[in-house]
Amino acid sequence: MGDNVWREEQEWPLARAKPTDYYFHSQGKANSLNGNGTLSDQPPAEEAPDVFLYNPADPVPTRGGPLCCNLHFAASGAFEQSEIEAREDVLVYTTPPLEREIEVTGPVTVTLWAATSATDTDFTAKLVDVWPSGYAMNLCDGIIRARYREGMIEPSLLAPGRIYRYEIDVGVTGNVFRTGHCIRIEISSSNFPCYDRNLNTGNNLATDTEMRAAVQTVLHSHTHPSHVRLPVIPQA
């Protein structure tokens with residue numbers, strides 16, 4: 001994507017891909033695309049965290065992505081994300097317009113340092129290509145359920161208010177961010193109905209019906225450097 005071409009390779013992931021970290025920054029108000037969240041290759045110093053309220057009764061709706069198989073239920077593919085990014089429960093981190101093309105091909109991961117008021121919750125991440133016109137195109141996305149942060153075998157609930165480190169598998173992509181475009185990461189706690197909602201209670205997921213709102217805190221500082229790791233392909 002971006003160059004709109006097919007290319008054959010010898011392995012996957014690409015051996016020449018260079019893992020490159022882009023760090024979250026803000027002045028404590030990255031909420032929505034109107035906030036002050038930024039993304040750069042410079043690690044953060046001491047910065048105010050970002051806070052949002054996740055209410056499972058009003059989840060962030062799914063807009064495109066790798067869905068299957070009922071177009072009436074939820075259409076798959078690339079869609080404009082500005083309506084999603086206008087929400088206060090979506091944190092938006094964006095680079096300045098790129099001065100050169102950057103190809104990102106391979107698996108994308110987000111390392112998130114976060115705290116919550118709940119005993120269990122979800123965190124989501126989405127990689128977006130922002131065009132000079134402002135069109136925001138989703139590329140790939142992922143989610144982590146906090147009780148499974150250490151694996152699926154032995155789930156463990158959270159201590160409310162405690163800071164935890166999460167690794168979010170954001171999926172894979174093959175995209176050239178063209179000159180003048182921006183790289184963007186969205187962070188939230190829901191992407192419904194693509195992923196089922198976490199009701200934030202810590203109760204049995206199969207039978208729980210109670211809903212609780214949760215206060216989510218995302219940190220980006222010297223000691224808690226939340227970031228996205230992109231597989232950047234060196235230019236020939």
Side-chain angles (χ1 to χ4, degrees), residues 21-26 28-32 35 37 39 43-44 46-62 65 84 87-93 107-127 140-171 185-229:
D21 294 338
Y22 283 82
Y23 296 89
F24 302 173
H25 299 271
S26 82
K29 185 64 176 177
N31 309 71
S32 86
L39 196 65
E46 293 308 310
E47 300 177 358
D50 294 304
V51 179
F52 67 94
L53 182 71
Y54 163 47
N55 182 359
D58 181 26
V60 176
T62 298
I84 304 299
R87 295 175 58 114
E88 289 291 308
D89 56 355
V90 178
L91 304 182
V92 178
Y93 303 96
V108 177
T109 58
V110 162
T111 297
L112 191 73
W113 293 91
T116 177
S117 62
T119 55
D120 187 33
T121 195
D122 291 348
F123 288 104
T124 65
K126 184 188 299 176
L127 178 64
C140 55
D141 60 72
I143 190 170
I144 189 168
R145 181 144 290 175
R147 69 171 67 188
Y148 299 119
R149 65 195 178 278
E150 297 175 351
M152 300 292 291
I153 303 301
E154 295 184 7
S156 61
L157 298 180
L158 305 171
R162 178 179 169 184
I163 300 169
Y164 293 90
R165 181 180 184 272
Y166 300 94
E167 289 284 340
I168 305 177
D169 178 356
V170 191
I185 289 289
E186 299 173 17
I187 298 294
S188 192
S189 285
S190 51
N191 183 351
F192 181 78
C194 180
Y195 305 104
D196 67 313
R197 298 166 294 174
N198 195 316
L199 304 186
N200 296 331
T201 64
N203 297 333
N204 187 301
L205 297 170
T207 59
D208 197 15
T209 58
E210 178 188 0
M211 295 187 186
R212 297 177 189 169
V215 177
Q216 317 290 57
T217 302
V218 172
L219 297 94
H220 39 85
S221 65
H222 177 69
T223 52
H224 301 101
S226 295
H227 62 275
V228 59
R229 176 160 290 180

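Computed from a prediction, not measured in an experiment: that's the story for all the values here.
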Report the distance from atom CG of N203 to atom OG1 of T119, rounding to the nearest 0.5 Å. 7.0 Å

Is the side chain of N31 donor-acceptor paired with the backbone N or O of V51 at a distance under 3.5 Å, no angle test? yes

Pairwise side-chain contact, D120 with L205, heavy-atom cut-off 4.5 Å (strictly under): yes

CD/E46 to OG1/T223 distance, rounded to the nearest 0.5 angstrom? 5.5 Å

Taking the basic N atoms (NZ, or NE/NH1/NH2) and the acidic carboxylate oxygens, is any pair closer than 4.0 Å for E150 and R165? no

Closest non-hydrogen atom pair, R197 against D122: C-OD2, 4.5 Å

Heavy-atom closest contact (P44 atom, S221 atom, distance): CG-O, 3.4 Å

Please check: side-chain N/O of D50 versus main-chain N/O of K29, any donor-acceptor pairing under 3.5 Å? yes

Over all atoms of both residues, closest heavy-atom pair of A48 and H220: O-CE1, 3.2 Å

What salt bridge (Lys or Arg N to Asp or Glu O under 4.0 Å) pairs are there with at least one residue in residues 207-221, not counting sequence neighbours? E210-R212

Nearest heavy atoms of A30 and Y93, plus distance in Å: CB-CE2, 3.7 Å

Judged by modelled atom types alone, do T121 and N200 share a side-chain donor-acceptor pair under 3.5 Å? yes

If we only count heavy atoms from C-beta on, is the H25 to H227 side-chain gap below 4.5 Å? no

State the CG-CD1 distance between D196 and I143, to the nearest 0.5 angstrom. 7.0 Å

Between D89 and N55, is there a side-chain donor-acceptor contact under 3.5 Å, judged purely by atom types and distance? no

With rounding to the nearest 0.5 Å, note down the distance linking OH in Y148 to CD in E154. 12.0 Å

For C194 versus T62, what's the shortest heavy-atom pair and its separation? N-OG1, 2.9 Å

Looking at every heavy atom in both S190 and V60, which two are closest together, and how far apart are they? OG-N, 2.8 Å

Under 3.5 Å, side chain of Y164 to main-chain N/O of A159, donor-acceptor pair present? yes

Pairwise side-chain contact, S189 with F52, heavy-atom cut-off 4.5 Å (strictly under): yes

Student check: side-chain heavy atoms of I84 and P61 closer than 4.5 Å: yes

Go through the steps to decide whether N191 and T124 satisfy the test side chain to side chain donor-acceptor pair (under 3.5 Å), and finish with yes or no. CA-CA 7 Å; N191 183 351; T124 65; over 6 Å; no

For S156 and R149, test the side chains for any donor-to-acceptor distance below 3.5 angstrom and give the result as yes or no. yes

Measure the acute angle between the ring planes of W113 and H224, then classify it against the limits of 30° and 60° as parallel, tilted or perpendicular. perpendicular

Under the criterion side-chain contact (heavy atoms from CB on, under 4.5 Å), I'd like the reasoning laid out for D21 against V228: C-alpha separation, chi angles, the key distance, then a yes or no. CA-CA 6 Å; D21 294 338; V228 59; over 6 Å; no

First locate atom OG1 of T109, then atom CD1 of I168, and finally report the distance between them rounded to the nearest 0.5 Å. 9.5 Å

Using modelled atom types only, decide if a donor and an acceptor are shared between the side chain of T116 and the backbone of Q216 within a distance under 3.5 Å. no

Non-hydrogen side-chain atoms of I187 and F24 separated by less than 4.5 Å: yes

Looking just at side-chain N and O atoms, do T111 and E167 make a donor-acceptor pair shorter than 3.5 Å? yes

